[in-house]
Undergrad: 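Can you read through this structure? Questions will come right after.
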Amino acid sequence: MVEHIEFDVTELKEIWELLSAQERLDGFRMLDAEEQEEFFVDLPARDEYELLMTLPIAERRLWFRLLAPDDAADVIQEADEDERLALLALLDEPTRREVSALLAYEEDDAGGLMSSRFARVRPEMTVDEAISYLRKQALSHVPVETIYYVYVLAHDQTLLGVVSFRELFSEPGSRLIRAVMRTDVVTVSAELDQEAVAKVMADNDVLAVPVCDEDNRMIGIVTVDDIVDVVQEEATEDVQKYAAMEALEEPYLRTSFFDLMKKRAGWLSLLLFGEMLTATAMGYFEGDLRNFTFLATFIPLIISSGGNSGSQASTLVIRALTLGEIRLRDWWRVMRRELAAGVTLGGILGTIGLLRVILWAQLFPQVYEPVAMGFTVFFSLIGVVLFGTLAGSMLPLLLRRFRLDPATASAPMVATLVDVMGLIIYFTVASLLVVR
């Protein structure tokens, strides 16, 4: 229990995930009013929702109305369907309309990320009038932390231009905004996916991007703070997929044991079926293994090298796809590069393997022919590494072609494919050079 323990905001944040709902409420009440506000608005939407639901209705209304409309919409999306209307009812009528409009968009689109409150001015204003008007907006309804740029709108909310604060304060006070604004404004549509929005902002090096409808009427902004959360969310999802599992929808410790097993068991079962093919391949070459047991010595060396090269290639291609560095039409260029890379890397590893076999045989005489076995390892490594790089590079592109997430082409999946083909390549080469 946290009763009778004194701590500040930082300390409460550190232990927050370990506390029960009641302990969180007790800890929250120990903070003074200013600390409570700072702590509450910095919580993730899920934590804000859970804390709100432990508060009495009067306090719940007070704290919920403290949130900006986009943050309130995020909290409502965390609630169960039967609780959403009750939460909406806590808001005043103008805010309720704003939040309802935001909830109409998909959570992962620009419309679901955007804030409908932003700094705006008219083109016929002077610079002094605009500065005075911006001060009023900041004091009334526009969150200060979202004011990165000032947007110039017509009477019908059409976006005409944008002015940075540096430009605004460096201009003479009598000059018109129309003469100061820049008209080459980068915008996004409300339906644009959050990853694409993040790329637009990164490519144009902006701290906020306006969201406009098909008639160029401005309806909101997506800020860099929103994108930081998106990047973290997408990176977490991709990392989990790289490990051959479904992405978790909740933090690890909040995911139930059943859900955790469901997310992991499916992919592990699929990979197990893939490894069964490896067992089938081993069974097919059982006779060679029985008569030439020394062949088994080099199996881990061969297939692990192919799996490693495949993992490298898939990681490089998935990252390049994510950043927009390559597209589907570049598949042949990627294949040519990976063909060259596979042969080169295979040659390097094959040479190391060849020298290892021959030198080891000189130090410790073996029952097999070291030169023949060395060249078997040499050519097998070239073939397996080449196959691994091609599989690792082409599989993400193939998945993207069928509108699937390239991150699904994870290292374990590529390694499973290489295991099977690696055995086939190895024993085929061995049958030509060693097995007689």
Side-chain angles (χ1 to χ4, degrees), residues 9 12-13 16-17 19-29 31 33-118 141-146 190 194 197 211 219-234 236-237 247-251 253-256:
V9 172
L12 184 57
K13 286 180 179 178
W16 187 257
E17 293 293 335
L19 302 179
S20 66
Q22 184 58 48
E23 288 172 334
R24 288 182 177 185
L25 178 59
D26 294 338
F28 181 69
R29 292 193 185 283
L31 304 175
E34 184 176 341
E35 287 178 329
Q36 284 182 340
E37 182 173 337
E38 174 192 347
F39 183 81
F40 180 73
V41 297
D42 285 343
L43 284 175
R46 183 67 187 179
D47 289 347
E48 288 177 337
Y49 162 70
E50 291 178 350
L51 180 58
L52 283 170
M53 300 311 291
T54 63
L55 295 170
I57 189 66
E59 290 185 64
R60 187 182 306 168
R61 178 183 294 105
L62 175 67
W63 286 106
F64 195 43
R65 290 188 176 190
L66 181 67
L67 297 175
D70 56 326
D71 293 330
D74 291 339
V75 170
I76 290 175
Q77 286 174 330
E78 295 292 340
D80 296 332
E81 291 292 338
D82 56 348
E83 296 174 331
R84 294 187 176 188
L85 290 178
L87 283 173
L88 270 173
L90 298 177
L91 301 171
D92 58 78
E93 184 57 33
T95 305
R96 189 182 308 137
R97 287 197 299 268
E98 288 184 70
V99 173
S100 297
L102 292 173
L103 289 172
Y105 297 104
E106 293 292 335
E107 185 178 359
D108 295 338
D109 289 347
L113 290 175
M114 71 180 182
S115 170
S116 55
R117 297 182 178 181
F118 51 89
H141 67 283
V142 178
V144 176
E145 62 271 14
T146 67
Q194 59 184 11
V197 176
V211 182
I219 56 178
I221 58 169
V222 177
T223 67
V224 68
D225 294 337
D226 302 316
I227 293 304
V228 168
D229 295 336
V230 168
V231 171
Q232 181 180 3
E233 175 187 330
E234 296 292 343
T236 300
E237 182 178 322
L248 299 181
E249 297 172 0
E250 298 287 343
L253 291 177
R254 293 191 194 171
T255 304
S256 70

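Heavy atoms only: backbone and side chains are in, while hydrogens, waters and symmetry mates are out.
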Undergrad: If you round to the nearest 0.5 Å, how far is CG of Asp71 from CD1 of Ile76?
TA: 11.5 Å
Undergrad: So which heavy atom on Asp42 is nearest to which on Lys13, and how close?
TA: OD2-NZ, 3.6 Å
Undergrad: Starting at CG of Leu67, measure out to CZ of Arg65 and round the result to the nearest 0.5 Å.
TA: 12.0 Å
Undergrad: Take Glu17 and Arg24, measure what side chain to side chain contact (heavy atoms under 4.5 Å, CB included) needs, and give me the verdict at the end.
TA: CA-CA 9 Å; Glu17 293 293 335; Arg24 288 182 177 185; 4.0 Å; yes
Undergrad: Without swapping roles, check the side chain of Glu59 against the backbone of Pro56 for a donor-acceptor pair under 3.5 Å.
TA: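 No, Glu59 side chain to Pro56 backbone: no donor-acceptor pair under 3.5 Å.
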Undergrad: Mind checking whether Phe40 and Leu31 have side chains closer than 4.5 Å, heavy atoms only?
TA: no
Undergrad: Please step through side chain to side chain contact (heavy atoms under 4.5 Å, CB included) for the pair Leu55 and Arg29, ending with a clear verdict.
TA: CA-CA 10 Å; Leu55 295 170; Arg29 292 193 185 283; 3.9 Å; yes
Undergrad: What closest approach, in Å, do Glu37 and Leu66 show between heavy atoms, and which atom pair accounts for it?
TA: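 Scanning both residues completely, I find the closest heavy atoms to be CG-CD2, 3.6 Å.
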Undergrad: How long is the straight-line distance from OG1 of Thr54 back to CG of Leu25, given to the nearest 0.5 Å?
TA: 4.5 Å
Undergrad: Using the side chain to side chain contact (heavy atoms under 4.5 Å, CB included) rule, take Leu19 and Leu12 through it: C-alpha gap first, then chi angles, then the decisive distance, then the call.
TA: CA-CA 10 Å; Leu19 302 179; Leu12 184 57; 4.1 Å; yes
Undergrad: Find the distance between CD (Glu98) and CG (Asp92) and round it off to the nearest 0.5 Å.
TA: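 Reported value, rounded in 0.5 Å steps: 8.5 Å.
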Undergrad: Could you tell me whether Glu34 atom CD has more than 12 heavy atoms of other residues or ligands within 6.0 Å of it?
TA: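 No.
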Undergrad: Determine whether Leu43 and Trp16 make a side-chain contact, defined as any pair of heavy atoms from C-beta on separated by less than 4.5 Å.
TA: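 Yes, side chains in contact.
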Undergrad: Work out which heavy atom in Ala190 is nearest to a heavy atom in Asp109; give both atom names and the distance.
TA: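 Distance-wise, the nearest heavy atoms are O-CB, 3.4 Å.
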Undergrad: Please lay out, stage by stage, how Phe118 and Thr223 fare under the test side chain to side chain contact (heavy atoms under 4.5 Å, CB included).
TA: CA-CA 10 Å; Phe118 51 89; Thr223 67; over 6 Å; no
Undergrad: In the structure I gave you, are the side-chain heavy atoms of Arg60 and Leu90 within less than 4.5 Å of one another anywhere?
TA: yes
Undergrad: Around atom CD1 of Ile57, are there more than 12 heavy atoms from other residues, nucleotides or ligands closer than 6.0 Å?
TA: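 Yes - once you tally the heavy atoms of other residues, nucleotides and ligands closer than 6.0 Å, there are more than 12.
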Undergrad: Within the 4.5 Å heavy-atom criterion, are Ile219 and Tyr105 side-chain neighbours or not?
TA: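 Yes, side chains in contact.
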Undergrad: Side-chain contact test, heavy atoms from C-beta onward, threshold under 4.5 Å: evaluate it for Asp226 versus Val197 and give yes or no.
TA: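 SC-SC contact between Asp226 and Val197 ruled out.
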Undergrad: Measure across Ala73 and Leu103 and return the closest heavy-atom pair with its distance rounded to 0.1 Å.
TA: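 Where Ala73 meets Leu103 most closely, the heavy atoms are O-CD2, 3.6 Å.
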Undergrad: Val75 and Glu48: which non-hydrogen atoms are nearest, and at how many Å?
TA: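 Looking at all heavy atoms of both residues, the closest pair is CG2-OE1, 3.3 Å.
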Undergrad: Supply the atom-to-atom distance Ile221 CD1 to Arg117 CZ, rounded to the nearest 0.5 angstrom.
TA: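 Output value for this atom pair is 12.0 Å.
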Undergrad: Are the side chains of Leu88 and Ser100 in contact, using a 4.5 Å heavy-atom criterion?
TA: yes
Undergrad: Which of parallel (below 30°), tilted (30 to 60°) and perpendicular (above 60°) describes Phe28 and Phe39?
TA: tilted
Undergrad: Quick one: closest heavy-atom pair of Ala79 and Tyr49, and the distance?
TA: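 Ala79 and Tyr49 have their closest heavy atoms at CB-CE1, 3.5 Å.
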Undergrad: With distance as the sole test, does Asp80 use its side chain to make a donor-acceptor pair with the main-chain N or O of Glu83 at under 3.5 Å?
TA: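 Side chain of Asp80 to backbone of Glu83, a donor-acceptor pair under 3.5 Å: no, none is there.
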